[in-house]
Amino acid sequence: MRVLLAEDDEVLSDGISKALRQCGYAVDHVESGLDADHALTAAPFDLLILDLGLPRLDGLQVLQRLRSRGDRLPVLILTARDGLQDRVAGLDHGADDYITKPFDLPELEARVRALLRRSQLGNNLEIVYGPLKFDTTGKYVTINDQPLDLSAKELAVLEMLLQRAGRVVSKEQLIEHLYAWDEEVSHNAIEVNVHRLRKKLDPEGVSIRAIRGLGYLLETTA
Ligand code: CA
């Protein structure tokens, strides 16, 4: 899951980024509304955490532009304690939820989880592929009814392959989905995760076929 955080307060944004990374999210951070707007058109995100008081385009303008592009990305706005009008305006402009500063990080994490869960309710809750079952809400995978123990990145790779089962997924798509811009993506990071996944899936009758020059394809072999 990839999160864009638009917040110009350095201390606050550091705290939020750190907390969300520890939860396994890839977090990109921008400090202005204009940068947020650019980022949103440049990369696929799963959630936007948006401060309303931002320099160079305020949060409401960012939100307006996002929705006017028809983008339904879940948006959590951060507002000041006395900002009742801001909250109302934010929700009116298409924000999904808000949280009032100051807040505790566990509460923010819970709101983020709830929003991501809600945004996935429109999608299948459970993806079944051969012997594989992926619970997209609980992030829980079983194969032949046995729980599969996966790292956060392995899980993300598998989720992407499952969502596009039957189609080839390129390495670039996986990288965009899995990593924030400032994260070190070693050249073979994707290969390593695919390799680990293969070792766990192959004996159970699911394989990840590499299509030279194109990417990966999920297949059942049983
Ligand atoms: Ca601010």
Side-chain angles (χ1 to χ4, degrees), residues 1-123 137 139 152-153 156 159 175-185:
M1 289 287 166
R2 189 165 170 182
V3 176
L4 181 65
L5 170 64
E7 168 60 72
D8 58 333
D9 181 312
E10 205 181 317
V11 176
L12 186 58
S13 59
D14 281 354
I16 295 174
S17 301
K18 212 170 146 195
L20 292 180
R21 284 184 184 126
Q22 274 168 0
C23 296
Y25 302 109
V27 182
D28 284 300
H29 171 225
V30 290
E31 293 176 0
S32 79
L34 208 56
D35 288 341
D37 192 54
H38 289 157
L40 289 166
T41 53
F45 290 96
D46 299 292
L47 178 79
L48 168 64
I49 300 177
L50 180 64
D51 177 32
L52 290 185
L54 287 174
R56 300 161 76 217
L57 277 192
D58 66 34
L60 280 182
Q61 289 172 299
V62 173
L63 186 56
Q64 244 167 342
R65 288 190 181 196
L66 177 78
R67 293 303 185 227
S68 71
R69 290 193 292 269
D71 196 325
R72 294 162 56 89
L73 178 73
V75 177
L76 172 64
I77 52 175
L78 308 177
T79 71
R81 184 190 287 276
D82 54 359
L84 173 66
Q85 284 184 333
D86 283 352
R87 291 203 283 280
V88 173
L91 294 170
D92 278 347
H93 282 84
D96 299 273
D97 197 4
Y98 66 86
I99 189 164
T100 310
K101 298 178 190 177
F103 49 80
D104 292 326
L105 287 171
E107 189 190 351
L108 178 84
E109 292 164 21
R111 301 284 184 102
V112 165
R113 274 196 300 276
L115 275 180
L116 289 171
R117 201 156 48 224
R118 218 191 298 163
S119 78
Q120 289 186 332
L121 281 176
N123 307 330
T137 10
K139 301 289 169 202
K153 292 282 193 244
E159 181 173 24
I175 289 171
E176 277 206 335
H177 183 67
L178 289 169
Y179 294 94
W181 279 307
D182 62 350
E183 257 182 282
E184 285 284 325
V185 186

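In each ligand, atom 1 is the first atom listed, and ligand 1 is the first ligand listed. This one's a predicted model, so the numbers in the text were calculated from it and none came from an experiment.
- Among the atoms of Glu7, none of the N, O or S atoms falls under 3.0 Å from the Ca ion (ligand 1).
- Checked for salt-bridge contact, Arg67 and Asp92 miss the test: no charged N lies under 4.0 Å from a carboxylate O.
- Applying side-chain contact (heavy atoms from CB on, under 4.5 Å) to Val75 and the options Ile49, Leu91, Leu50, Leu47 leaves one that passes, Leu50.
- With 3.0 Å as the limit, Leu78 does not count as an N, O or S neighbour of the Ca ion (ligand 1).
- Here the side chain of Asp58 pairs no donor or acceptor atom with the backbone of Leu52 at under 3.5 angstrom.
- A donor-acceptor pair under 3.5 Å is absent between the side-chain atoms of Arg87 and the main chain of Thr79, judged by distance alone.
- Within Asp51, OD2 is the N, O or S atom that lies nearest to the Ca ion (ligand 1).
- Nearest N, O or S atom of Asp8 to the Ca ion (ligand 1): atom OD1.
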